[in-house]
**Q** 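Have a look at this one before I ask anything.
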Amino acid sequence: MSERGGHGGIAEGRGPLAAEAAALDAEDVLAAKRKDFVLDDTVYLDGNSLGALPRSVPGRLADVVEREWGRLRIRSWQESGWWTAPERVGDLIAPLIGAAGGQVVAGDSTSVNVFKAVVAAVRMAQRDSGGGAGEGDSGPARTEVLVDATTFPTDGYLAESAARMTGATVRAVAPADMAAEVGPTTAVALVNHVDYRTGELNDLPGITAAVHRAGARVVWDLCHSAGALPVDLDASGADLAVGCTYKYLNGGPGSPAYLYVRRALQPRFDSPLPGWNSHADPFAMSAGYRPAEGAARGRVGTPDILSLLALEEALGVWEGVELTAVRAKSLALTDFFLRCVRAYVPEGRTRSLTPEAHGRRGSQVSLLCEGGVDAGRAMEALIARGIVGDFRRPGVLRFGFTPLYTSFADVERAARVLGEVTGVTG
Ligand SMILES: *Cc1c(COP(=O)(O)O)cnc(C)c1O
């Protein structure tokens with residue numbers, strides 16, 4: 001076993017790739033952002049599972065707890081803006097996903113928002129086709145939900161239940177086949193923007209256009225794209241979208257997710273979870289339900305204020321950040337990582353599952369272990385040596401690159417240690 005680095009005790013690289021990393025860091029326009037996060041000399045490449053803590057969050061959270069809750073108590077719902085926080089935080093997320101204001105609401109988990117979005121989309125599509133399942137009078141009934149065959153599992157589970165509730169059926173379709181498979185009986189297609197396993201970027205504008213040509217609706221899951229690359233929801237005409245905020249948006253463990261409903265569709269958004277927070281006049285406490293206008297229609301119950309306000313503070317790091325610069329750095333980081341892996345990892349030990357083409361790559365690199373390398377053990381060895389990525393069964397090492405705080409020196413170190421770890425198999 002080669003010498004074991006202590007916590008963050010990996011030797012500085014001395015070869016040409018380390019020199020190149022230093023040069024790339026010196027000209028990185030986002031380099032100054034790293035100091036806005038709490039980091040140590042661990043190489044943290046797991047921001048696609050849990051983003052690092054923005055430095056200003058603990059102070060803000062202490063103020064929310066001690067002053068807003070501790071002293072103002074119930075008054076904070078009005079005076080501290082708690083009641084309107086879901087829409088306010090939604091409007092902070094909006095520019096990061098290419099949405100004009102008033103179309104995004106923060107709250108609940110991604111799983112819950114997938115359910116709301118898919119049921120609402122099926123209801124819209126069934127009304128478009130002139131009736132409920134099987135009784136359309138101006139076209140065939142739209143009874144099918146197409147689900148990304150490579151989706152993060154929760155989306156598939158929820159789509160299945162949503163379909164059962166609306167009298168529809170589910171069919172799994174690979175994102176690349178979505179355009180060919182969508183048809184007159186499709187109600188909605190549910191697609192992940194970036195594949196969580198391989199890091200492949202799916203064609204959001206192209207698939208959206210194809211789904212619309214077929215008269216169906218599309219729901220995008222942005223969990224692995226928002227905050228890592230520009231997303232153009234409004235420009236592409238996407239119908240609905242959901243995403244989480246604890247990955248590239250650094251909102252903290254279990255931070256609230258969000259729901260986007262295109263403005264033109266808001267009046268037709270018929271939520272399957274019409275809680276009192278989405279009522280047009282919640283404090284009327286009326287027996288009958290009347291939906292609010294706008295993004296608030298996507299709310300359910302009382303918002304999770306502590307998490308929501310931590311997220312609001314965390315989103316402050318995006319002020320003044322150009323998403324084109326984020327994308328450029330993300331691609332440069334993943335390109336450099338792939339080069340360093342080729343240079344440092346012995347031939348035949350790992351194979352990249354992540355597309356080489358920039359247009360098809362998100363912000364992570366997934367390496368399939370081969371040649372007798374045990375991926376689970378390799379990741380344990382990496383973590384013990386201060387390189388944190390994650391492992392997905394059966395044999396995939398995932399490395400997420402967060403452009404706001406990952407440096408090129410981090411990338412070079414990670415690949416160098418990976419080379420050592422995968423080179424010492426028995
Ligand atoms: C991370 C992730 C989720 C997580 O859903 P939760 O409800 O927050 O647990 C959902 N979908 C995708 C595509 C993800 O990557």
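Worth saying up front: this structure is predicted, and the values here are computed from it rather than measured. Residues take their numbers from the sequence shown, with the count starting at 1. For ligands, and for the atoms within them, numbers begin at 1 and follow the listed sequence.
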**Q** Considering the heavy atoms of C223, write down every atom of ligand 1 situated less than 4.0 Å from one of them.
**A** 2 (C), 3 (C), 10 (C), 11 (N), 12 (C), 13 (C), 14 (C), 15 (O)

**Q** Aromatic rings W276 and F283: how do their planes relate, parallel, tilted or perpendicular, breaks at 30° and 60°?
**A** perpendicular

**Q** Check the orientation of H224 and Y248. Use parallel for under 30°, tilted for 30 to 60°, and perpendicular for over 60°.
**A** perpendicular

**Q** With a distance cut-off below 6.0 Å to the six-membered ring centre and an angular limit of 45° from the axis, does R262 pair with W220 as a cation-pi contact?
**A** no

**Q** Would you say N192 and ligand 1 have an N/O pair spaced under 3.5 Å apart?
**A** no

**Q** Report the part of D155 (side chain from C-beta onward, or backbone N, CA, C, O) that has a heavy atom under 4.0 Å from ligand 1; answer both or neither where that applies.
**A** side chain

**Q** Run the numbers for me: atoms of ligand 1, each under 4.0 Å from some heavy atom of D221, listed by number.
**A** 10 (C), 11 (N), 12 (C), 13 (C)

**Q** So which heavy atom in the protein is nearest atom 5 (O) of ligand 1, and how far is it from that ligand atom?
**A** T110 CB, 3.5 Å

**Q** Can you list every pair that meets salt bridge (charged side-chain N to carboxylate O under 4.0 Å, His left out) and has a residue in residues 198-212, with sequence neighbours left out?
**A** E200-R360

**Q** Show the atoms of ligand 1 that are less than 4.0 angstrom away from any heavy atom in S109.
**A** 7 (O)

**Q** Ignoring hydrogens and angles, state whether a donor on the side chain of N113 or Y260 is under 3.5 Å from an acceptor on the partner side chain.
**A** no

**Q** Between F152, W220, Y246, Y196, flag the one that comes closest to atom 8 (O) of ligand 1 by a heavy atom.
**A** Y246

**Q** Below 3.5 angstrom, do we get any N/O pair linking T154 and ligand 1?
**A** no

**Q** Are the side chains of Y196 and N48 in contact, using a 4.5 Å heavy-atom criterion?
**A** no

**Q** Report the part of S111 (side chain from C-beta onward, or backbone N, CA, C, O) that has a heavy atom under 4.0 Å from ligand 1; answer both or neither where that applies.
**A** both

**Q** For R34, which of D410, T402, D25 qualifies under side chain to side chain donor-acceptor pair (under 3.5 Å)?
**A** D410

**Q** Tell me which one of H224, R197, K247 gets a heavy atom nearest to atom 2 (C) of ligand 1.
**A** K247

